[in-house]
Amino acid sequence: MSLNKSVSETGQKTSPDYGGLVRFLVEPFLESSTALSLDCERAHANDRVWIRLAFDGEDKGRVFGRGGRNIQAIRKVIQGMAKIAGESVYLDIYDESGGTSRRESPSGDRSKASKGSPRRLPLPKPNSKSRS
């Protein structure tokens, strides 16, 4: 069976193993593989998959990477697999205490409301002294 097909040989639609894929991609960044908590929930009616990921706070820097490059690459791989399977995937990242969550939309863009309003720098004041 080819990896690019989302239909099994019996004709039934199959879904990729997102949990195994995420575990494979994230574990190399962790000090201990037991620190990873992973939950994968599927809604077959809507072809949506929610992946909830939690790990130790010390590992956060390695998992996210400089400028978030590592986690962006992980998200792109997961989204690519979901696109091939005709599904949409949502990735929630929690801290190990079960607190905060960072949810990504299927396209990987965060909502603009969560970023806050852009800062504007004040304009320079005109010089009150006139040159002669």
Measuring from Ile51:CD1 to Arg75:CZ, what's the distance to the nearest 0.5 Å?
-> 10.5 Å
How far apart are the closest heavy atoms of Arg62 and Asn70, and which atoms are they?
-> O-ND2, 2.8 Å
Closest heavy-atom pair, Gly67 versus Gln72, reported as atoms and distance to 0.1 Å, is O-NE2, 4.1 Å
Looking only at heavy atoms, which two atoms of Leu53 and Val22 are closest? And how far apart?
-> CD1-CG1, 4.0 Å
Atom NZ of Lys60 and atom CD1 of Ile71: how far apart are they, to the nearest 0.5 Å?
-> 10.5 Å
Do Ile93 and Phe55 have side chains that get closer than 4.5 Å, going by heavy atoms?
-> yes
Side-chain heavy atoms of Ile74 within contact of Phe29, under 4.5 Å | yes
Just how far is it from atom CG of Asp17 to atom CZ of Arg23, taken to the nearest 0.5 Å?
-> 9.5 Å
Looking only at heavy atoms, the pair that brings Tyr18 and Ala85 closest together is OH-CB, 4.2 Å
Ignoring hydrogens and geometry, is there a side-chain-to-backbone donor-acceptor pair from Arg52 to Asp92 under 3.5 Å?
-> no
Taking every non-hydrogen atom, the tightest pair across Leu21 and Met81 | CD2-CG, 3.7 Å
Closest approach of Asp47 and Gly86, non-hydrogen atoms and distance?
-> CB-O, 3.8 Å
Taken to the nearest 0.5 Å, the spacing of Gln79 CD from Tyr90 OH works out to 11.0 Å
